[in-house]
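What follows is a set of notes on a single structure, which appears directly below.
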Amino acid sequence: MVAFFLLLGSKTYSQTSISVFQDNLTTPNPMITDGNDLYVGYYYSDKVVKFDLTNPNTPPIDVVTGVNRPYGLAIKDNMLYISEFGGNKISKVNLTNPNTVLETVLTNVNSPIGLEFIGNDLYIALEGDNKVAKIDVTQSSPQLIDVVNVSSPFEIEVVDNQLYITERFTGKLVRFELNNNSAASVVIAQGLSYPSGLTSDGKQLFIAEAGASKISKINTTVANPTVSDAVTSNLLDYPSGLLMHNNIMYITDFFASAIYKVDLASLSVSEFSSTGQKNIKFIQILRLTN
């Protein structure tokens with residue numbers, strides 16, 4: 001196990017214009033929506049919870065517990081797929097079943113993080129194996145197929161036929177042509193600070209730079225895109241997960257224990273959940289290796 005340390009500065013903010021949805025979210029990270037339900041993985045609580053986006057006063061509901069460090073979420077045919085970073089496996093639960101039972105989909109995968117569906121294929125960022133691979137979830141015993149080798153992949157996002165991948169520990173964003181099996185990944189941006197979550201809105205791709213406490217963006221239609229700031233705010237501490245829903249970008253902040261939302265029409269940030277003042281602290285980022 002290799003440990004990485006990051007020193008974050010002191011931050012304070014006014015309560016003006018902050019809308020509290022839920023306090024003490026316990027290291028929220030991955031997100032996925034299904035209708036108006038927002039599913040969020042709580043990393044250190046080893047569970048996935050559900051919020052009602054139409055009712056900010058409703059507390060979260062536990063969907064499944066006992067998942068080992070959930071890091072990625074994806075939904076297909078009413079099944080919620082979960083990458084268990086600490087358990088080195090992919091699991092799933094049936095969202096139509098009120099008595100949820102955690103089922104194992106795939107074991108012995110090395111530090112799975114980001115998940116993304118393309119048809120029946122579930123793409124998986126395998127940080128420990130330095131690659132993105134995929135499985136066909138319609139198979140009774142899915143077989144892992146390598147897609148592309150990348151360094152410490154974290155999150156994946158599909159825009160058209162391009163697969164974008166954040167390389168968290170190299171500070172890069174890379175792109176892979178899905179229609180060209182012989183292609184190699186191409187570096188699109190570098191010098192990013194712990195790039196983590198990805199989400200897209202049309203041709204705009206947003207990147208959570210956790211180490212820089214901001215959200216950046218690029219234009220995917222440009223051959224050599226320039227990285228620019230999309231959201232900067234002293235509300236942001238360690239933004240990790242990103243999600244688009246109805247022209248709203250949601251941001252999970254891992255160490256602020258918060259979810260923020262951004263109206264892309266104005267790119268003004270309001271707090272969706274908060275725990276208050278942020279102080280100087282050392283944060284230990286753990287990378288699991290076998």
Test side chain to side chain contact (heavy atoms under 4.5 Å, CB included) applied to Leu126 and Asn110, step by step: CA-CA 6 Å; Leu126 296 173; Asn110 197 351; 5.5 Å; no

Reported CD1-to-CG distance for the pair Ile259 and Leu38, which is rounded to 0.5 angstrom: 5.5 Å

Whether over 12 other heavy atoms sit under 6.0 Å from Asn224 CG: no

Spacing of Thr252 atom OG1 and Tyr238 atom OH [to the nearest 0.5 Å]: 11.5 Å

Side chain Asn130, main chain Ser152, donor-acceptor under 3.5 Å: yes

Salt bridge present between Asp201 and Lys217 (N-O < 4.0 angstrom): no

Expected output: side-chain Asp136 to main-chain Thr138 donor-acceptor under 3.5 Å: yes

His245 vs Leu53 side-chain heavy atoms within contact, under 4.5 Å: yes

Side chain to side chain contact (heavy atoms under 4.5 Å, CB included) between Leu192 and Thr166, intermediate numbers included: CA-CA 9 Å; Leu192 305 173; Thr166 49; 5.9 Å; no

Hydrophobic cluster membership, Tyr39 vs Leu115, 4.5 Å side-chain cutoff: no

same_hphob_cluster(Val67, Val109) at 4.5 Å side-chain heavy-atom cutoff: no

Any donor-acceptor N or O pair under 3.5 Å, side chains Ser240, Asn29: yes

Carboxylate-amine/guanidinium proximity below 4.0 Å for Arg168 and Glu127: yes

Face-on cation placement of Arg69 at Tyr43 ring, 6.0 Å and 45° thresholds: yes

Asp160 side chain to Gln162 backbone, donor-acceptor under 3.5 Å: no

Side-chain (Ser141) to main-chain (Gln139) donor-acceptor, under 3.5 angstrom: no

Contacts of type side chain to side chain donor-acceptor pair (under 3.5 Å), residue Thr104, not counting sequence neighbours: none

Value rounded to 0.5 Å, distance of CG in Asp237 from CZ in Phe254: 11.5 Å

Any donor-acceptor N/O pair, Asp253 side chain to Ala256 backbone, under 3.5 Å: yes

Ring-ring centroid check Phe169 Phe154, cutoff 6.0 Å: no

Validation row: Asn94, Val101 side chains within 4.5 angstrom (heavy atoms): no

Atom pair NZ (Lys172) and CD (Gln190), whose distance is rounded to the nearest 0.5 Å: 5.5 Å

Given Thr199, Leu205, Ile207, the one that forms side-chain contact (heavy atoms from CB on, under 4.5 Å) with Leu242: Thr199

Any donor-acceptor pair under 3.5 Å from Asp62 side chain to Val64 backbone: no

Close side-chain approach of Val40 to Pro28, heavy-atom, < 4.5 Å: yes

Working for side chain to side chain donor-acceptor pair (under 3.5 Å), residues Glu209 and Ser216: CA-CA 7 Å; Glu209 290 196 59; Ser216 301; 2.5 Å; yes

Between Ser91 and Glu84: side-chain donor-acceptor atoms closer than 3.5 Å: yes

Close side-chain approach of Tyr260 and Leu236, heavy atoms under 4.5 Å: yes

CA sep, side-chain torsions, deciding dist, call: Tyr81, Val137, side chain to side chain contact (heavy atoms under 4.5 Å, CB included): CA-CA 10 Å; Tyr81 292 79; Val137 297; 3.6 Å; yes

Donor-acceptor contact below 3.5 Å, side chain Thr27 vs main chain Tyr44: yes

Value rounded to 0.5 Å, distance of OG1 in Thr221 from NZ in Lys203: 7.5 Å

Passing option when Glu116 is tested against Leu122, Ile165, Ile124, Val158 for side-chain contact (heavy atoms from CB on, under 4.5 Å): Val158

Side-chain H-bond candidate by donor/acceptor type, Ser200 with Glu157, under 3.5 Å: yes

Trace of the side chain to side chain contact (heavy atoms under 4.5 Å, CB included) decision for Asn108 with Asn88: CA-CA 6 Å; Asn108 298 318; Asn88 291 323; over 6 Å; no

Spacing of CZ belonging to Phe117 relative to CD1 belonging to Ile32, to within rounding of 0.5 Å: 9.5 Å

Asp52 side chain to Thr54 backbone, donor-acceptor under 3.5 Å: yes

Contact check, side chains of Val174 and Val186, non-hydrogen atoms, under 4.5 Å: no

Side chains of Pro153 and Ile113 in contact at under 4.5 Å (non-hydrogen atoms): no

